[in-house]
Amino acid sequence: MSDIPVGSPRIDASKRTWLIASSCAGAVGGVAVAVPFVSTFQPSEKAKAAGAPVEVDISGLKVGEKMTVEWRGKPVWILKRTPAQVAQLPKLDSQLADPQSKRHPDDFTPKYAQNENRSIKPEVLVVVGICTHLGCSPVDRLQSGPQPSLPSDWEGGFLCPCHGSTFDLAGRVFKNKPAPDNLPVPPHMYLSDTRLLIGEDKKA
């Protein structure tokens, strides 16, 4: 017995094929028209989550300050270090698990950041703010000096409150901590002195 209700119009197979083809053609045409306009916009939130580069204006970032932007759904920290903080970094090498960022460089440290500062410009640090242990987000402990859960000779950096991993102001992990690697440096490059592009480094 047929499942088609009595009185329902039958659709000819050839007509159905034509209707589907027409609809598809219309959809393709609509996309083709939209592309030139969409390309002039900033990446959508969905595109950013998928990995589209994110442009950041750091002109208002003062020395000693940190800002956070989102890239691929992750927090990216941009810290403008003081000259004293930059000068202190080499003195910490003996306390760090990977001071020269030689572990898994393809995953954690691009070639242009494989230096003492882990940065393109000495004063500006750009790292993904996610601990390499279990994915927690460390908290700022930028000031030097004794603080809870930190050594008395603390020179500033980041503390992961979940399991106690500590990182210096270059995102390098200290020895004998749960985190196995330094904080990742994302692909990035400077479009100008005050504009950063996170997620792309073709010109770096």
Checklist entry - Which heavy-atom pair separates L96 from K175 by the least distance, and what is that distance? => result O-CE, 3.3 Å

Checklist entry - Should L89 and Q85 be marked as a side chain to side chain contact (heavy atoms under 4.5 Å, CB included) after you check the CA-CA gap, both sets of side-chain angles, and the distance that decides it? => result CA-CA 7 Å; L89 293 175; Q85 288 172 336; over 6 Å; no

Item to check | Note, S149 side chain near L159 side chain (heavy atom, < 4.5 Å) | outcome: yes

Checklist entry - Is S101 reaching over with its side chain to a backbone N or O of Q114, donor-acceptor style, under 3.5 angstrom? => result no

Next on the checklist: With rounding to the nearest 0.5 angstrom, report the OG1 to NZ distance, T109 to K102.
Outcome noted: 12.5 Å

Checklist entry - Ignoring hydrogens and geometry, is there a side-chain-to-backbone donor-acceptor pair from D181 to T132 under 3.5 Å? => result no

Checklist entry - CD1 of I120 to CG of N115: how many Å apart, nearest 0.5 Å? => result 9.5 Å

Item to check | Contact summary for E155 and L169, nearest pair of heavy atoms | outcome: O-CD1, 4.0 Å

Next on the checklist: Closer than 4.0 angstrom, basic N to acidic O: yes or no for E116 and R172?
Outcome noted: yes

Checklist outcome for this item: Note: P178 and S165 closest approach over all heavy atoms is CD-OG, 3.3 Å

Checklist entry - Applying the 4.5 Å side-chain criterion to the ILVMFWY set and letting contacts propagate, would I130 and V173 be lumped into a single cluster? => result no

Checklist entry - Is there a donor-acceptor pair closer than 3.5 Å between any side-chain N or O of N117 and the backbone N or O of S119? => result no

Checklist entry - Taking C-beta and beyond as the side chain, do P186 and V128 meet within less than 4.5 Å on heavy atoms? => result yes

Item to check | Closest non-hydrogen atom pair, W154 against R141 | outcome: NE1-O, 2.9 Å

Item to check | Side chain N182, main chain F108, donor-acceptor under 3.5 Å | outcome: no

Item to check | Test log, rule side chain to side chain contact (heavy atoms under 4.5 Å, CB included), inputs F158 and C131 | outcome: CA-CA 10 Å; F158 310 98; C131 181; over 6 Å; no

Checklist entry - Would you say V56 and V76 are hydrophobically clustered, going by side-chain heavy atoms of ILVMFWY under 4.5 Å? => result yes

Item to check | Approximate separation, where rounding is to 0.5 Å, of S137 OG and K74 NZ | outcome: 12.5 Å

Item to check | Sequence-distant partners of Q95, side-chain hydrogen bond (donor to acceptor under 3.5 Å, both in side chains), two or more places apart | outcome: none

Item to check | N/O donor-acceptor pair under 3.5 Å between D140 side chain and L142 backbone | outcome: no

Next on the checklist: Any non-hydrogen side-chain atom of W77 less than 4.5 Å from a side-chain atom of L183?
Outcome noted: yes

Item to check | N/O donor-acceptor pair under 3.5 Å between E65 side chain and K80 backbone | outcome: no

Checklist entry - Quick one: do L92 and L125 end up in the same hydrophobic cluster if we chain Ile, Leu, Val, Met, Phe, Trp and Tyr together by side-chain heavy atoms under 4.5 Å apart? => result no

Item to check | Nearest-0.5 Å distance, CE of residue M67 to CG of residue L79 | outcome: 11.5 Å

Checklist outcome for this item: In short, V185 meets P110 closest at the heavy-atom pair O-CD, 3.4 Å

Next on the checklist: When you group the ILVMFWY residues by side-chain heavy-atom contacts below 4.5 Å and let the links chain together, are F174 and L150 in the same group?
Outcome noted: yes

Checklist entry - More than 12 heavy atoms of other residues, nucleotides or ligands under 6.0 Å from NZ of K177: is that the case? => result yes

Item to check | Test side-chain contact (heavy atoms from CB on, under 4.5 Å) applied to K121 and L196, D193, V126, V86, the passing residue | outcome: D193

Next on the checklist: Taking CG in D153 as the centre, count heavy atoms belonging to other residues, nucleotides or ligands within less than 6.0 Å. Is the count above 12?
Outcome noted: yes

Checklist entry - Side-chain heavy atoms under 4.5 angstrom apart, residues restricted to Ile, Leu, Val, Met, Phe, Trp, Tyr: same cluster for V127 and V54? => result no

Item to check | Spacing of D98 atom CG and H104 atom NE2 [to the nearest 0.5 Å] | outcome: 8.5 Å

Checklist entry - Do the ring planes of Y112 and H188 sit parallel (below 30°), tilted (30 to 60°) or perpendicular (above 60°)? => result perpendicular

Item to check | Exceeds 12 heavy-atom contacts within 6.0 angstrom, atom CD of E123 | outcome: yes

Checklist entry - How close do A52 and W71 get, heavy atom to heavy atom, and via which atoms? => result O-CD1, 3.5 Å

Item to check | Value rounded to 0.5 Å, distance of NZ in K111 from CG in D201 | outcome: 12.5 Å

